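Worksheet: the structure to be examined is printed underneath.
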Amino acid sequence: MSVRDKVSVVTGAASGIGKEIAIEFAKGGAKVVIADLNLDGAEAAAKELRDGGGRAMAVAMDVTSEEQVNAGIDKAASEFGGIDVLVSNAGIQHIAAVDELEYSWWKKMLAIHLDGAFLTTKACLKHMYSQGRGGSVIYMGSVHSKEASVLKAPYVTAKHGLEGLCRVVAKEGAQHKVRANLICPGFVRTPLVDKQIPEQARDLGISEEEVVKNVMLKNTVDGEFTTVQDVAQCAVFLAGFETNALTGQSLIVSHGWFME
Ligand code: NAD
């Protein structure tokens, strides 16, 4: 069970959870493709990995653009020799109550999280199926793939949707030895979370400390944030697991917030 030599595409890997997954995969000997909207950030992350002795390349990719996704995945496959792992991770957050949520934000959120997951999956499956050496698709869900919170309708909707896509890909991919699984993190201190703390404080009329303690970490077993390293280790485990015994499943990494 290892990611050694596996060509691994991580979307949204210029920052946060995706970047740490890229670091952990490179440490494990994978050839890492850092695909991000932010090309400067992707190139900086790829350079960091190469400077540390890893193999990594950056590709500019808006996951909502079919053209950019296909071009980026094909470029990665031709430079690194196929595609073995997709970590569909790119994502954003937007805080608003349903009665005030702008339709444009609803569409943007669903496009990044769901269209992005579909387009990158389709582009990678083409290579995985034709190569005949199996593969692993990992979706970045959330505890919000399992339960709801106020102010996060499109995020919760999209993260629930990823569970459905994951299960279908697990069933369709099985005959090609392509597995699909969902990682469901609790709150992790990344730019995505740091941005929403003051926004939630404003909308809920409470302090930022109360948002952290009474909203984000309230239902954990120990009041602790999940870390980027926690999530990255789960991704390495799922990517390196070689058989269909582990497919179509969710791995909740959340300090006990939501137990299935
Ligand atoms: P982050 O803001 O640190 O990183 C997100 C990355 O995605 C950025 O590099 C950004 O440039 C990239 N990105 C955004 N839109 C994109 C697009 N259209 N195309 C390509 N790249 C794009 O956020 P993060 O916290 O690391 O989040 C990563 C994933 O983890 C997201 O899917 C998020 O929903 C999920 N998640 C995060 C948490 C958390 O608490 N941070 C918890 C559960 C799930």
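In this chain, numbering begins with 1 at the start of the sequence shown. Counting starts at 1 for both ligands and their atoms, in listed order. For clarity, every value in this text was computed on a predicted model and none was experimentally measured.
Glu260 and Ser250 share no donor-acceptor pair across their side chains, judged by distance under 3.5 Å alone. Side-chain contact check for Asn244 and Thr247: no donor-acceptor pair (N or O, by modelled atom type) lies under 3.5 Å. No donor-acceptor contact under 3.5 angstrom links the side chains of Tyr139 and Ser145, judged on distance only. Checked by atom type, the side-chain pair Ser8/Lys31 shows no donor-acceptor distance below 3.5 Å. At a cut-off of 3.5 Å, with distance as the only test, no side-chain donor of His127 or Asp84 sits close to an acceptor on the other residue.
Those atoms of ligand 1 that come under 4.0 Å of a heavy atom in Gly186, given as number and element, are 40 (O), 42 (C), 43 (C). Every atom of ligand 1 is numbered from 1 in the order shown, and the set under 4.0 Å from a heavy atom of Ala90 is 7 (O), 20 (C), 21 (N), 22 (C), 32 (O). Atoms of ligand 1 found under 4.0 Å from any heavy atom of Gly16, numbered from 1 in the order shown, are 3 (O), 26 (O). Within ligand 1, counting atoms from 1 as listed, the ones closer than 4.0 Å to a heavy atom of Phe187 are 40 (O). Within ligand 1, counting atoms from 1 as listed, the ones closer than 4.0 Å to a heavy atom of Ser15 are 1 (P), 3 (O), 4 (O), 8 (C), 9 (O). Near Met140, meaning under 4.0 Å from one of its heavy atoms, ligand 1 places the atoms 29 (C), 30 (O), 35 (C). Here is the list of ligand 1 atoms found below 4.0 Å of a heavy atom in Met61: 19 (N), 20 (C).
Protein heavy atom in closest approach to atom 7 (O) of ligand 1: Gly12 CA, 3.4 Å. Scanning the protein for heavy atoms near atom 10 (C) of ligand 1, the closest one is Asp36 OD1, 3.5 Å. Protein heavy atom nearest atom 19 (N) of ligand 1, with residue, atom name and distance: Val63 N, 3.0 Å. Annotation: atom 21 (N) of ligand 1 to nearest protein heavy atom, Leu37 N, 3.3 Å. Looking from atom 34 (O) of ligand 1 to the surrounding protein, the closest heavy atom is Tyr155 OH, 2.6 Å. Of the protein's heavy atoms, Ile17 CD1, 3.9 Å lies nearest to atom 38 (C) of ligand 1. The nearest heavy-atom contact from the protein to atom 28 (C) of ligand 1 is Asn89 OD1, 3.3 Å. Nearest protein neighbour of atom 18 (N) of ligand 1, counting heavy atoms only, is Asp62 OD1, 3.0 Å.
Atom CZ of Arg202 and atom CD of Gln200 lie 10.0 Å apart (nearest 0.5 Å). Distance CD1/Ile183 to OG/Ser142: 12.0 Å, rounded to 0.5 Å. Separation of atoms NZ (Lys108) and CD (Glu102) is listed at 11.0 Å; rounding is to 0.5 Å. For the atom pair CG of Asp62 and OG1 of Thr11, the computed distance is 11.0 Å after rounding to the nearest 0.5 Å.
Considering each of Gly91, Ser88, Gly141, Ala13, the one bringing a non-hydrogen atom nearest atom 44 (C) of ligand 1 is Gly141.
When heavy-atom distances to ligand 1 are checked against a 4.0 Å cut-off, His113 comes that close only through its side chain, counted from C-beta outward. Under 4.0 angstrom from ligand 1, the non-hydrogen atoms of Val193 all belong to its side chain. The proximity of Lys159 to ligand 1, defined as any non-hydrogen pair under 4.0 Å, is limited to the side chain. Under 4.0 angstrom from ligand 1, the non-hydrogen atoms of Thr190 all belong to its side chain.
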Decide yes or no on salt bridge (Lys or Arg N to Asp or Glu O under 4.0 Å) for Glu199 and Lys195, but give the supporting numbers first.
CA-CA 7 Å; Glu199 292 172 353; Lys195 177 173 173 290; 3.0 Å; yes

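The shortest N or O to N or O distance between Gly18 and ligand 1 is not under 3.5 Å. By the 3.5 Å distance cut-off applied to N or O atoms, Ser142 is not counted among the residues near ligand 1. The shortest N/O to N/O separation between Ala35 and ligand 1 does not fall below 3.5 Å. Residue Thr64 has no nitrogen or oxygen atom sitting less than 3.5 Å from a nitrogen or oxygen atom of ligand 1, judged on distance alone. Taking any N or O of Ile92, backbone or side chain, none lies under 3.5 Å from an N or O belonging to ligand 1.
Look at Glu20 and Arg189 and you find no salt bridge, because none of the NZ, NE, NH1 or NH2 atoms lies under 4.0 Å from a carboxylate O. Electrostatic pairing of Lys213 and Glu209 does not count as a salt bridge here, judged by no charged N lying under 4.0 Å from a carboxylate O. Arg167 has a carboxylate O that lies under 4.0 Å from a charged side-chain N of Glu163, or vice versa, which qualifies the two as a salt bridge.
Ligand 1 has no atom lying under 4.0 Å from any heavy atom of Gly41.
Aromatic ring centroids of His113 and Tyr155 lie under 6.0 Å apart.
The aromatic rings of Tyr129 and His176 sit parallel to each other, their planes meeting at less than 30°, with 60° as the upper class boundary.
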